[in-house]
J.: 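Quick one: structure below, then a few questions.
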2 protein chains.
Amino acid sequence: MSLATDRGKPQAADTPTLYKQIRLDIERRILTGEWPPGHRIPFEHQLMTRYGCSRMTVSKALSELAQADLIERRRRAGTFVRRPKFLSAVLTIPDIRAEITALGRVYGYQLIKSARRAANAVDRERLGVRKTGKVVAISCRHSADGVPFAIEDRLIDLDAVPEAATADFASEPPGTWLLHHVPWTEAEHAISAIVADDPTARALDIATGAPCLVIDRHTWRSERTLTAVRLVYPGESHKLVARFKGSLEERPRQSSPAQIMQ
Amino acid sequence: MSLATDRGKPQAADTPTLYKQIRLDIERRILTGEWPPGHRIPFEHQLMTRYGCSRMTVSKALSELAQADLIERRRRAGTFVRRPKFLSAVLTIPDIRAEITALGRVYGYQLIKSARRAANAVDRERLGVRKTGKVVAISCRHSADGVPFAIEDRLIDLDAVPEAATADFASEPPGTWLLHHVPWTEAEHAISAIVADDPTARALDIATGAPCLVIDRHTWRSERTLTAVRLVYPGESHKLVARFKGSLEERPRQSSPAQIMQ
DNA sequence: GGTATCGATATGTCTATACATATTCGCGGT
DNA sequence: ACCGCGAATATGTATAGACATATCGATACC
């Protein structure tokens with residue numbers, strides 16, 4: 001029971017803490033398939049004995065695994081390895097300006113059109129709101145080293161985000177401004193493919209009929225629509241990359257490369 | 001300090017546990033912007049007093065928020081609201097057979113080609129391996145109610161997944177078989193757009209030049225490549241939907257609607 | 001001015017204990 | 001055979017106390 005020997009003493013630099021050892025040990029057994037989905041993990045009592053520690057410590061390890069959705073805990077019944085329902089991936093969609101800058105390229109931004117108006121039927125449909133209210137409608141283009149990177153078409157609900165009325169979207173892209181000024185609780189991304197029509201092709205400097213990747217993003221705060229945006233990327237030269245690591249890695253100090261790669 | 005009054009007594013059905021109240025309270029302040037990114041959350045000591053509980057209880061609430069990446073805790077310095085670095089979303093890509101079945105439609109599957117061979121240069125490039133080894137190459141098509149849904153082109157590394165040599169991919173799609181038989185630790189999805197060339201258009205029963213959504217997925221187990229797959233969907237009729245809820249919702253008993261919607 | 005050191009401090013981990021609560025299981029009655 | 005009920009049990013929450021550890025800041029030294 002080597003794990004139990006050094007309790008209370010200072011740890012060597014390479015041995016993680018006890019609950020982390022337990023968590024990693026269980027995680028390893030799950031990921032290698034030694035404990036397949038549906039398998040019942042030993043009771044906390046047995047794990048206490050196995051690792052020579054208190055129940056709280058075992059419980060902490062299991063709680064984190066449960067929060068990460070690797071296991072499921074049921075009172076009286078026990079703890080079970082979760083059945084993977086689907087492949088999932090964390091899709092990180094960075095602010096476009098930050099993304100291009102991180103790639104070491106010169107970010108360019110052009111405001112094409114910005115208008116404040118009462119929401120018409122199309123606007124209300126896009127925002128998913130019933131009541132008429134004021135909105136800001138923005139069209140703009142992002143570029144990297146002078147090459148068109150994406151075009152953006154955005155609506156902001158001014159009733160939900162009144163500060164947007166005074167923001168200067170000529171100098172700062174609306175996505176960047178929103179990310180830094182408006183907290184949100186929920187977002188939905190719909191990713192699809194289209195072929196470029198004439199205006200889109202001109203704006204992106206690609207051929208009419210070329211494929212484009214489209215992200216439609218809708219953002220809410222507490223059930224309230226904040227903004228709806230459509231981003232159109234040249235489709236063959238840009239990829240949206242989502243990487244999923246087995247849920248419990250230590251967070252690196254500095255992380256996250258640009259996610260949309262050329 | 002009403003939160004402190006009923007400690008130890010049985011709770012009413014509607015009041016959650018103490019640490020959850022604390023967690024939700026802090027989460028609310030963060031999401032409403034009352035505590036903006038970078039703001040220092042009161043010390044555990046102060047929170048103990050505010051909520052009238054022990055330090056362990058406060059710590060448990062904060063630990064969960066830290067695991068959900070809403071806050072960052074630093075020894076000696078304190079606990080801070082995290083700066084949102086980018087919009088992120090959990091992209092769930094279900095098994096195609098399960099997905100179509102969940103939509104209440106009839107799943108159809110056709111194996112187009114299945115071959116076992118020594119990995120050639122193209123295969124090694126796709127799998128990202130240096131050594132030559134045996135692979136299985138599979139082409140197949142998924143359909144819903146008889147309408148083509150996606151075409152799949154897959155390589156499986158037989159050295160990493162020897163069981164794949166005896167699997168029957170004529171009756172079961174390789175994605176389904178792998179999901180149920182092979183545990184994985186890491187996956188990467190690259191999403192892009194293409195226009196359909198002639199063979200693709202014929203296979204999907206769409207026009208040549210129509211947009212298609214492409215998912216290239218690479219799956220590893222402990223640094224070891226397992227499989228690489230390219231899925232091509234008709235791009236205008238299918239969307240990949242990713243929804244991100246602010247991290248702290250209770251998990252529903254039954255969840256997750258189909259993610260690729262028509 | 002620059003640098004090494006050290007104490008203060010906030011979080012991190014762990015223990016032992018207690019009681020709450022959900023759920024299963026088996027028993028006993030109908 | 002069925003149902004209701006209570007006992008058993010595994011997890012869930014909470015406590016007080018202890019010590020570990022990283023790091024911020026100030027002090028002392030060069």
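Throughout, protein chains are lettered first and strands after them, A, B, ... in sequence-line order, and every chain is numbered starting at 1.
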J.: So Met56(B) and Met56(A), side chain to side chain contact (heavy atoms under 4.5 Å, CB included) or not? Walk me through it.
T.: CA-CA 11 Å; Met56(B) 279 294 297; Met56(A) 280 294 299; 3.9 Å; yes
J.: May I ask you to decide if Leu127(B)'s main-chain N or O and Thr225(B)'s side chain share a donor-acceptor pair within less than 3.5 Å?
T.: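 Checking the backbone N and O of Leu127(B) against the side chain of Thr225(B), a donor-acceptor pair under 3.5 Å is found.
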J.: Specify the residue among Lys60(B) and Met48(B) whose closest nucleotide of DNA chain D lies further upstream toward the 5′ end.
T.: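 Final value for this comparison: Lys60(B).
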J.: Look at the side-chain N and O atoms of Ser59(B) and state whether any lies under 4.0 Å from the OP1 or OP2 oxygen of dT11(C).
T.: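 Answer is no, no contact under 4.0 Å.
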J.: Without decimals, in angstroms, what is the distance between Phe43(B) CZ and dT23(D) C1'?
T.: 13 Å
J.: From Lys60(B) NZ over to Ser59(A) OG, what is the distance, rounded to the nearest 0.5 angstrom?
T.: 6.0 Å
J.: Do the ring planes of Tyr107(B) and His142(B) sit parallel (below 30°), tilted (30 to 60°) or perpendicular (above 60°)?
T.: tilted
J.: Looking only at N and O atoms, is any donor in the side chain of Arg55(B) or the base of dG12(C) less than 3.5 Å from an acceptor on the other one?
T.: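 Result: at least one qualifying N/O pair found.
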J.: Measure CD/Gln67(B) against P/dT13(C) and give the value in whole Å, please.
T.: 12 Å
J.: For nucleotides 24-26 of chain D, which of its nitrogen or oxygen atoms have a protein nitrogen or oxygen under 3.5 Å away, and what is each distance?
T.:
| residue | atom | partner | partner atom | Å |
| --- | --- | --- | --- | --- |
| dC24(D) | O2 | Arg76(B) | NH1 | 2.7 |

J.: Could you give the OH-to-C1' distance, from Tyr51(B) to dA14(D), as a whole number of Å?
T.: 17 Å
J.: The test is side chain to side chain contact (heavy atoms under 4.5 Å, CB included); show your working for Ile41(A) and Ile71(A) and say whether it passes.
T.: CA-CA 9 Å; Ile41(A) 284 174; Ile71(A) 62 174; 3.6 Å; yes
J.: Roughly, in whole Å, what's the span from NE2 in His45(A) to P in dA16(C)?
T.: 12 Å
J.: Using OP1 and OP2 only, check whether a side-chain N or O of Lys20(A) sits under 4.0 Å from dG12(C).
T.: no
J.: Find out whether Trp177(A) and Asp168(A) are in side-chain contact, i.e. whether some heavy atom of one side chain is under 4.5 Å from a heavy atom of the other.
T.: no
J.: Quick check: do Cys53(B) and Ile22(B) have side-chain heavy atoms less than 4.5 Å from each other?
T.: yes
J.: When you measure from the side chain of Asp157(A) to the backbone of Thr227(A), do you find a donor-acceptor pair of N or O atoms at a distance under 3.5 Å?
T.: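 No.
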J.: Could you tell me how far apart Gln46(A) (CD) and dA10(D) (C1') are, to the nearest whole angstrom?
T.: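 Distance check: Gln46(A) CD to dA10(D) C1' gives 11 Å.
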J.: In whole Å, what is the span from the CZ atom of Arg73(B) to the P atom of dT9(C)?
T.: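 Taking CZ of Arg73(B) and P of dT9(C), I get 19 Å after rounding.
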J.: Using five pairs at either end of the helix from dG1(C)-dC30(D) to dT30(C)-dA1(D), determine the angle between the two local helix axes and round it to 10 degrees.
T.: 10°
J.: Only counting residues at least two apart or in another chain, list the ones meeting salt bridge (Lys or Arg N to Asp or Glu O under 4.0 Å) with Arg40(B).
T.: none
J.: Hey, which sits more toward the 5' end of DNA chain D by its nearest nucleotide, Leu62(A) or Met56(A)?
T.: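 Whichever sits nearer the 5' end wins; that is Leu62(A).
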J.: Taking only the side-chain nitrogens and oxygens of Thr79(A), find out if one of them lies under 4.0 Å from OP1 or OP2 of dT11(D).
T.: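 True: Thr79(A) side-chain N/O within range (under 4.0 Å) of dT11(D) OP1/OP2.
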J.: For Tyr51(B) and Gln21(B), which I'm curious about, is there any donor-acceptor pair between the side chains at under 3.5 Å?
T.: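 There is no such pair between these side chains.
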J.: Between Leu47(B) (CG) and dA10(C) (P), how many Å, whole number?
T.: 12 Å
J.: Have a look at Ser63(A) and say if it touches a base, only the backbone sugar-phosphate, or nothing, with a 4.0 Å heavy-atom cut-off.
T.: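 Touches nothing.
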J.: Figure out the CD1/P separation between Ile71(B) and dA10(C), and round it to whole Å.
T.: 16 Å
